[in-house]
Amino acid sequence: MLRKSIAAFVSAALAASSQAASPKATRSETGQTSIGRPDIEAYPFNAGRALPESPVRTKNCTVAASGGDDAAAILQALHDCNNGGTVILDAEYTIGTVLDLTFLNSVDIALTGKITFTDDIEYWVNNEFHYDFQNSTSFFKLGGTDVNIYGGGVGVIDGAGQKWWEEFAVNATLLRPILFVTDGLHGGSITGINMINSPNWFNLIANSSDVLISDITINVHSTGKVTAKNTDGWDTYRSDGIIIQNSVINNGDDCVSFKPNSTNIVVQGLQCNGSHGISVGSLGQYVDQYDIVENIYVYNNSMSNASDGARIKVWPGINSYQAPTLSGGGGAGYVKNITYEKYYNHNNDWAIEVNQCYGQSNKTLCQLFPSNMTISDIYFLDFWGTTSKKYDPKVGTLVCSSPQQCQNINARNISIKGPSGASPKWVCSGFDTSGLEGFDCVSS
Ligand SMILES: *[C@@H]1O[C@H](CO)[C@@H](O)[C@H](O)[C@H]1NC(C)=O
Ligand SMILES: *[C@@H]1O[C@H](CO)[C@@H](O)[C@H](O)[C@H]1NC(C)=O
Ligand SMILES: *[C@@H]1O[C@H](CO)[C@@H](O)[C@H](O)[C@H]1NC(C)=O
Ligand SMILES: *[C@@H]1O[C@H](CO)[C@@H](O)[C@H](O)[C@H]1NC(C)=O
Ligand SMILES: *[C@@H]1O[C@H](CO)[C@@H](O)[C@H](O)[C@H]1NC(C)=O
Ligand SMILES: *[C@@H]1O[C@H](CO)[C@@H](O)[C@H](O)[C@H]1NC(C)=O
Ligand SMILES: *[C@@H]1O[C@H](CO)[C@@H](O)[C@H](O)[C@H]1NC(C)=O
Ligand SMILES: *[C@@H]1O[C@H](CO)[C@@H](O)[C@H](O)[C@H]1NC(C)=O
Ligand SMILES: *[C@@H]1O[C@H](CO)[C@@H](O)[C@H](O)[C@H]1NC(C)=O
Ligand SMILES: *[C@@H]1O[C@H](CO)[C@@H](O)[C@H](O)[C@H]1NC(C)=O
Ligand SMILES: *[C@@H]1O[C@H](CO)[C@@H](O)[C@H](O)[C@H]1NC(C)=O
Ligand SMILES: *[C@@H]1O[C@H](CO)[C@@H](O)[C@H](O)[C@H]1NC(C)=O
């Protein structure tokens with residue numbers, strides 16, 4: 001009965017749209033690869049509303065590769081083809097200068113070539129864009145209205161992260177750029193692109209709305225001894241109506257993370273490997289801020305070799321310092337109406353983790369100072385697979401700081417075991433666990 005009502009609630013609320021068509025790049029007689037805008041739609045779910053119409057473009061601006069820094073030529077082409085054209089990037093480009101691309105309006109970017117950012121750390125740390133949020137920085141920022149960026153499965157954006165990861169290993173305050181930042185993008189799509197070796201997070205979707213992201217591959221590979229740190233797939237921030245779908249991610253931090261003020265977001269058809277899961281948060285890090293994550297639907301994804309499958313992490317109600325990148329707590333706000341449905345888990349340490357004590361090792365402090373973030377109306381539905389042996393036979397952990405701060409947490413049809421095959425146990429405490437169907441809860 002309850003299960004049925006949840007399913008009805010989810011499917012009634014999300015309008016299904018038509019099936020995606022896969023674009024194919026073709027090589028012309030001149031040897032150049034050219035493609036038109038692909039017909040990819042949000043599928044099977046959209047974010048509760050249709051994406052805005054995007055008129056056909058009527059002009060092309062092709063950028064020749066110079067052999068040196070191509071930033072100025074790309075910027076010029078975007079000005080020339082703005083308001084109704086397509087910038088064609090079909091060669092191998094280098095970008096060694098910051099680019100503010102927040103002026104875009106009704107323009108497409110057809111990237112069938114490759115863009116590589118220089119690894120001139122000294123230049124970038126002195127010139128990269130800075131954002132207050134988590135001290136993040138970027139090579140470029142892209143925003144405006146009605147912008148489609150497509151790569152037909154062949155376009156590449158290369159962050160040349162190796163030197164950055166090596167430098168970060170000896171300088172923890174190094175501000176490494178995020179590979180792709182949308183800052184104020186309203187209406188548009190990013191599809192068919194292969195993103196490799198970001199110095200930091202791969203994508204930050206900020207201050208944006210009505211954006212479809214589809215058919216992306218993300219790969220990170222260190223050729224040295226250092227590991228690539230903080231290579232999140234997508235982080236959403238101050239954004240509404242975003243769909244991230246049908247992509248393959250091999251990375252080392254969150255596959256997708258919903259940061260403060262992420263609302264009406266759908267994540268579907270992802271195959272994530274080696275990450276920290278599809279995560280809400282962390283939230284409540286900054287004392288003076290109010291964080292909202294609401295109406296999130298995570299459907300039909302697979303997660304392998306990760307620390308977590310589904311994860312919700314918020315800071316406790318006390319501020320503390322543990323490391324330059326791990327300090328905070330005491331921020332208020334709420335996490336509400338989050339559904340994870342149809343989730344294949346393989347070799348993840350926890351299939352589900354809910355944590356209201358993030359960033360604080362002293363658990364007593366979390367009980368004394370319950371999180372100022374509430375978590376409510378959470379649904380984990382139809383999970384299957386196996387965890388790693390790390391906590392076997394424990395397969396998940398849901399620990400809240402007080403029942404007032406965690407309400408209406410539900411799990412149904414969860415078929416997860418450890419590799420031993422022993423009867424699975426769940427660590428569940430600090431809230432009313434009656435919504436966790438079939439869970440054998442233990443206290444630690
Ligand atoms: C722009 O280039 C694409 C790909 O080569 C081509 O299909 C399209 O017809 C061109 N559009 C215009 C307006 O020239
Ligand atoms: C988003 O908008 C806020 C408020 O205008 C601004 O401070 C911030 O720099 C913008 N971009 C990012 C990535 O946060
Ligand atoms: C940004 O970095 C500086 C210097 O490391 C640090 O003092 C500050 O707390 C950081 N801010 C945030 C929001 O993380
Ligand atoms: C670490 O990197 C920052 C730039 O992000 C720089 O200002 C600082 O001088 C570097 N520290 C060392 C010890 O190199
Ligand atoms: C689930 O996602 C996969 C891609 O990972 C896709 O092939 C499949 O059609 C999707 N299934 C449903 C029911 O949406
Ligand atoms: C998947 O992640 C594991 C563990 O991080 C890694 O060893 C493996 O190479 C990854 N697979 C692919 C296809 O990248
Ligand atoms: C998030 O939204 C709330 C409510 O509108 C607002 O108070 C808060 O400042 C926003 N946070 C950010 C980071 O924009
Ligand atoms: C809950 O979130 C879903 C998306 O997951 C949305 O369709 C639905 O309208 C939301 N429910 C409420 C009561 O806002
Ligand atoms: C998980 O990791 C194992 C061992 O590294 C690897 O063989 C497997 O392909 C990975 N799974 C995925 C989906 O990449
Ligand atoms: C944890 O915090 C409590 C309350 O402040 C304190 O009494 C205790 O000593 C702390 N434990 C550790 C290991 O620091
Ligand atoms: C935040 O938590 C602290 C400690 O529990 C409490 O004293 C304070 O009133 C809370 N503030 C808000 C805004 O909820
Ligand atoms: C339970 O989840 C599995 C895996 O998604 C699905 O095949 C099955 O139909 C679900 N069972 C019920 C009763 O919903």
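In each ligand, atom 1 is the first atom listed, and ligand 1 is the first ligand listed.
Residue Arg238 has at least one N or O atom closer than 3.5 Å to an N or O atom of ligand 7. No N or O atom of Tyr237 sits closer than 3.5 Å to an N or O atom of ligand 7.
Nearest non-hydrogen protein atom to atom 2 (O) of ligand 7 is Asn261 ND2, 2.4 Å. Atom 5 (O) of ligand 6 has its closest protein heavy atom at Gly274 CA, 3.9 Å.
The pair Asp349-Lys394 does not meet the salt-bridge criterion, since no charged nitrogen lies less than 4.0 angstrom from a carboxylate oxygen. A salt bridge links Arg311 with Glu353: the closest approach of a Lys/Arg side-chain nitrogen to an acidic carboxylate oxygen falls below 4.0 angstrom. Electrostatic pairing of Lys114 and Asp158 counts as a salt bridge here, judged by a charged N lying under 4.0 Å from a carboxylate O. A salt bridge between Arg238 and Asp183 is absent, with no side-chain N of the basic residue lying under 4.0 Å from a carboxylate O of the acidic one. Salt-bridge annotation for Arg49 and Asp210: present, with a side-chain N of the basic residue lying under 4.0 Å from a carboxylate O of the acidic one. Between Asp382 and Lys342 there is no salt bridge, since none of the side-chain N atoms of the basic residue sits less than 4.0 Å from a carboxylate O of the acidic one.
Across Asn347, Asn305, Asn250, Asn251, heavy-atom proximity to atom 13 (C) of ligand 6 is greatest for Asn250.
Using a 4.0 Å cut-off to heavy atoms of Asn273, the atoms of ligand 9 that qualify are 1 (C), 10 (C), 11 (N), 12 (C), 14 (O). Residue Tyr290 has at least one heavy-atom neighbour below 4.0 Å for each of these atoms of ligand 7: 1 (C), 3 (C), 8 (C), 10 (C), 11 (N).
Per-atom contact check: atom 9 (O) of ligand 6 does not touch the protein, criterion being a heavy-atom distance below 4.0 Å.
Contacts of Ile292 with ligand 7, taken as heavy-atom pairs under 4.0 Å, involve the side chain alone.
The minimum heavy-atom distance linking Asn301 with Leu270 is given by the pair OD1-N, 2.8 Å.
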